[in-house]
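Note sheet for the following structure.
Lettering follows sequence order; numbering is per chain, from 1.
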Amino acid sequence: MQLKVTSWNINSVRLRIGLVERFLIEQKPDVLCLQEIKCRDAEFPLKDFRKLGYEHIAINGQKGYHGVAIVSRLPIEEINKREFCEKGDARHISVNLAPIKGKPITIHNFYIPAGGDEPDPAINEKFAHKLQFLDELQEWTKTSKLAKDNSILVGDLNIAPLEHDVWSHKALLSVVSHTPKETEKLTKIYQAGPWIDAIRHFIPADQKAYSWWSYRSPNWLESDRGRRLDHIWLSKALASKLTSIDIFKEARGWERPSDHAPISAVLDLSKSDKTKT
DNA sequence: ATGGTGGTCCTACCA
């Protein structure tokens with residue numbers, strides 16, 4: 001029994017529903033976690049997903065900005081949404097899948113604040129918000145089962161934590177998304193889980209890996225100044241089930257693309273729990 | 001050092 005989970009910041013699900021359909025048909029994930037759907041719940045294009053067999057859908061929408069959703073071919077038993085920083089932003093949703101091979105799996109989908117341009121919380125309220133969001137996530141990790149049992153955390157975390165998650169470590173140390181203030185907080189959350197970084201499980205830390213390329217570079221492919229802002233983390237119990245990952249860079253080159261590529265992980269849930277990785 | 005592009009929804013805000 002294979003489970004393929006994908007995370008994709010779609011930057012308007014209504015505008016790019018054609019690209020989403022193409023991805024679902026060609027890449028066949030079982031569960032697709034979307035960020036920046038940029039619509040209210042009632043405006044989400046349910047029918048387009050249902051006709052492709054994705055009948056189980058959880059939405060935390062918002063007018064114009066942000067918004068996250070999870071669409072699934074597999075039954076969803078429970079949906080939860082958590083608010084952070086008391087701002088009313090739609091930046092989290094989680095689902096409990098019906099047990100697969102006896103395993104109940106929880107998937108958390110996050111859209112962490114981008115944080116604006118100036119990496120100083122004293123003068124940039126957006127960066128202060130990002131840091132506060134990370135502090136609340138750290139607290140939640142401590143007091144909940146977030147990383148326990150069979151859990152998957154995905155999303156646009158808007159942070160590239162490792163040196164080779166950005167095209168130039170040195171140049172980006174002062175650029176929001178790669179500053180020590182953020183990367184240290186994210187690393188603490190990651191270690192506290194503890195989580196397994198699915199992408200880095202297969203791509204060594206000394207090799208470049210990106211999931212996002214700015215719209216502001218017309219030659220994004222040749223210049224390749226990317227960042228790894230999107231992540232798939234697995235709880236320890238699921239780490240031994242991980243069989244492959246993919247950063248589907250091709251979609252960044254499709255017509256009128258999102259600036260993020262979809263990232264996927266495939267788990268083999270029929271594998272023994274005792275398998276070493 | 002600067003400006004580069006794109007989405008939402010009407011004017012500026014967010015990324």
Side-chain angles (χ1 to χ4, degrees), chain A residues 7-23 33-45 48 59-69 83-93 109-121 123-134 154-161 165-168 170-179 181-183 186 210-231 249 251-263:
Chain A
S7 175
W8 194 6
N9 179 321
I10 194 60
N11 188 17
S12 175
V13 69
R14 288 178 294 174
L15 187 71
R16 286 185 239 288
I17 187 62
L19 301 188
V20 176
E21 288 180 42
R22 179 174 171 189
F23 179 80
C33 301
L34 296 167
Q35 303 88 36
E36 281 206 272
I37 60 174
K38 291 189 172 177
C39 65
R40 301 175 184 94
D41 289 14
E43 298 163 333
F44 192 84
D48 298 289
I59 311 166
N60 186 8
Q62 182 176 337
K63 182 183 178 181
Y65 306 112
H66 322 313
V68 289
E83 190 186 343
F84 288 80
C85 308
E86 297 179 334
K87 284 182 72 92
D89 285 357
R91 295 181 178 276
H92 167 265
I93 192 165
N109 181 16
F110 280 94
Y111 177 50
I112 290 183
D117 288 331
E118 184 58 53
D120 179 354
I123 58 171
N124 174 9
E125 184 277 327
K126 288 177 196 164
F127 193 62
H129 175 215
K130 185 177 198 175
L131 297 178
Q132 187 191 341
F133 193 105
L134 291 166
V154 312
D156 176 3
L157 307 186
N158 266 313
I159 297 172
D165 291 340
V166 294
W167 64 275
S168 168
K170 198 178 164 191
L172 289 177
L173 274 173
S174 58
V175 173
V176 171
S177 72
H178 194 59
T179 67
K181 278 195 176 71
E182 325 158 56
T183 58
L186 188 69
Y210 314 136
S211 63
W212 173 89
W213 293 262
S214 171
Y215 282 129
R216 296 177 189 180
S217 174
N219 59 336
W220 67 275
L221 188 59
E222 300 80 62
S223 58
D224 200 25
R225 296 184 167 190
R227 305 178 202 170
R228 190 170 71 103
L229 304 180
D230 305 275
H231 300 270
K249 188 177 176 181
R252 180 61 180 81
W254 286 351
E255 196 177 339
R256 287 254 262 167
S258 166
D259 44 356
H260 294 254
I263 61 169

Bounds of contact between DNA chain B and chain A, in 5' to 3' order, using a heavy-atom cut-off under 4.0 Å: B/dG4 to B/dA15
Neighbour count above 12 (heavy atom, 6.0 Å) for A/Glu222 CD: yes
5' precedence on DNA chain B between A/Tyr215 and A/His66 (nearest-nucleotide basis): A/Tyr215
First of A/Ala114 and A/Ser214 reached from the 5' end of DNA chain B, by closest nucleotide: A/Ser214
Polar side chain donor-acceptor pair, A/Ser258 to A/Asn11, under 3.5 angstrom: no
A/Arg40: side-chain hydrogen bond (donor to acceptor under 3.5 Å, both in side chains) partners, not counting sequence neighbours: A/Glu43
Residues in side-chain hydrogen bond (donor to acceptor under 3.5 Å, both in side chains) contact with A/Arg225, at least two apart in sequence or another chain: none
Across the strands shown, which category fits [X] at heavy-atom distances under 4.0 angstrom: base, sugar-phosphate, nothing?
{"X": "A/Arg225", "answer": "nothing"}
{"X": "A/Arg40", "answer": "nothing"}
{"X": "A/Arg227", "answer": "nothing"}

Sequence-distant partners of A/Trp167, ring pair (Phe, Tyr, Trp, His ring centres under 6.0 Å), two or more places apart: none
Positive for side-chain contact (heavy atoms from CB on, under 4.5 Å) with A/Trp8, one of A/Asp230, A/Val13, A/Leu19: A/Leu19
Dot-bracket summary - DNA chain B, pairs being Watson-Crick or G-U whose distances fall under 3.5 Å, with | when paired to another strand: ....((((...))))
Taking atom [atom1] in both [N] and [M], what distance in whole Å separates the two?
{"N": "B/dG6", "M": "B/dT2", "atom1": "P", "answer": "23 Å"}
{"N": "B/dC9", "M": "B/dA15", "atom1": "P", "answer": "15 Å"}
{"N": "B/dT11", "M": "B/dG7", "atom1": "C1'", "answer": "14 Å"}

Whether A/Phe133 and A/Phe110 hold their rings parallel, tilted or perpendicular, with breakpoints at 30° and 60°: perpendicular
Can I get a per-line list of side-chain donor-acceptor pairs under 3.5 Å for residues 60-67 of chain A, giving both atom names and the distance, sequence neighbours left out?
{"from": "A/Asn60", "atom 1": "ND2", "to": "A/His92", "atom 2": "O", "distance (Å)": "2.8"}
{"from": "A/Gln62", "atom 1": "OE1", "to": "A/Ala90", "atom 2": "N", "distance (Å)": "2.7"}
{"from": "A/His66", "atom 1": "NE2", "to": "A/Arg91", "atom 2": "NH2", "distance (Å)": "3.3"}

